Amino acid sequence: MTAVQRQCTDDILRQGNFQLNSHLTTLASIHKIHHTLHRLNLTEDVGQDSHPPACCSRAMPPRKKRRPSAGDDMSAKKSRQDSVFRKHETTQIREEDTFSSKRCLEWFYEYAGCDEVVGPEGMEKFCEDIGVEPENVVMLVLAWKLDAQSMGYFTLQEWLRGMGSLQCDSTERLRNSLEYLRSVLNDSTSFKLIYRYAFDFAREKDQRSLDLNTAKCMLGLLLGKTWPLFPVFNQFLEQSKYKVINKDQWCNVLEFSRTINLDLSNYDEDGAWPVLLDEFVEWYKERQMS
């Protein structure tokens with residue numbers, strides 16, 4: 001081996017030793033870093049899912065509960081009592097506001113006694129309790145609501161059905177409903193139904209017609225305040241030959257009061273009016289001329 005070749009060989013060996021030393025130094029540094037991280041518990045296990053550092057994952061210590069004072073105990077107790085009282089009060093109000101068939105039945109027997117019908121004596125007391133005269137038109141509206149079949153009488157079935165529809169189970173509740181009953185008369189459709197009902201309600205059940213005196217009273221009750229010609233029509237009935245009013249005549253009087261002018265100028269003598277009204281128009285015009 002020549003001197004030149006030995007020189008090259010020595011250079012190669014020295015370069016290899018330098019690279020080996022460099023690798024060893026690097027491995028030593030990595031080992032030292034890993035050891036430090038492991039000591040600080042910051043390393044990750046190979047092949048396992050990562051976990052947050054212990055310093056971050058450690059749970060906060062539980063907060064100590066403050067022992068309630070005597071004042072807190074009293075406040076909590078009072079709050080529970082108030083809650084129970086409000087619940088009881090609400091239930092009581094709800095029960096009072098709700099219609100009760102039992103109360104309605106007991107109310108009925110205050111006027112019926114041991115009978116199954118409120119008769120004239122009980123009706124008088126009933127009207128006195130609700131503050132309404134028996135001849136007041138509101139009593140007719142009430143009878144219509146109860147679908148009462150006979151004037152001066154309310155049966156148990158009529159009472160329960162009618163008062164139930166009105167949601168009235170006491171005198172006080174019915175008193176509070178009187179304005180509503182009066183307002184029903186302002187509706188033309190309801191008024192017509194009540195007017196027709198009044199004929200059958202007031203007549204004797206073995207008669208098909210209404211006797212004249214009863215008819216005049218009922219007409220005065222229903223039309224006396226709304227039909228300006230009622231006073232003269234009533235005079236006509238008093239001096240007429242008629243002793244009874246049939247249902248056709250009764251219904252046509254209402255139609256006449258609603259459609260015919262006060263001076264009767266639009267009355268058609270050839271129309272389908274009953275003879276009763278033809279005679280009234282003739283009698284009225286003769287009075288006007290004289």
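For reference, positions follow the sequence shown, starting with 1. Note that this is a predicted model, so its numbers are computed, not measured.
Environment of CD in Gln235: crowded, with over 12 heavy atoms of neighbouring residues, nucleotides or ligands closer than 6.0 Å. Environment of CD in Glu279: crowded, with over 12 heavy atoms of neighbouring residues, nucleotides or ligands closer than 6.0 Å. Dense packing is recorded around CD of Gln288, with more than 12 heavy atoms of other residues, nucleotides or ligands lying under 6.0 Å away. For CD of Gln157, the number of neighbouring non-hydrogen atoms (other residues, nucleotides, ligands) closer than 6.0 Å is 12 at most. In Glu269, the CD atom is not crowded: 12 or fewer heavy atoms of neighbouring residues, nucleotides or ligands sit closer than 6.0 Å. Other residues, nucleotides and ligands place more than 12 heavy atoms under 6.0 Å from the CD atom of Glu106. Heavy-atom contacts from other residues, nucleotides or ligands closer than 6.0 Å to CD of Glu128 number 12 or fewer.
Formation of a donor-acceptor pair under 3.5 Å by the Lys205 side chain with backbone atoms of Asp200 is found in this model. No side-chain donor-acceptor contact under 3.5 Å links Asp115 to the backbone of Val117. Not a single donor-acceptor pair under 3.5 Å links the side chain of Asn136 to the backbone N or O of Met139.
Relative orientation of the Trp107 and Trp159 rings is perpendicular, given thresholds of 30° and 60° on the angle between their planes. Between Trp283 and Phe236, the ring planes are tilted. Angles from 30° to 60° get that label.
With Leu185 as the fixed residue, the side chain to side chain contact (heavy atoms under 4.5 Å, CB included) test singles out one of Val137, Val138, Thr226: Val137.
With sequence neighbours excluded, the residues that form a ring pair (Phe, Tyr, Trp, His ring centres under 6.0 Å) with Tyr267 are Phe256, Trp273. Scored by the side chain to side chain donor-acceptor pair (under 3.5 Å) test, Asp187 finds Ser190 as partners (sequence neighbours excluded).
Lys125 has no carboxylate O lying under 4.0 Å from a charged side-chain N of Glu110, or vice versa, which leaves the two without a salt bridge.
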**OP:** List the steps and the verdict of side chain to side chain contact (heavy atoms under 4.5 Å, CB included) for Asp147 and Tyr197.
**Re:** CA-CA 9 Å; Asp147 195 25; Tyr197 163 81; 4.2 Å; yes

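Transitive grouping of hydrophobic side chains (ILVMFWY, heavy atoms separated by less than 4.5 Å) keeps Val244 and Leu237 in distinct clusters.
Between the side chains of Tyr242 and Gln249, not a single donor N or O lies within less than 3.5 Å of an accepting N or O.
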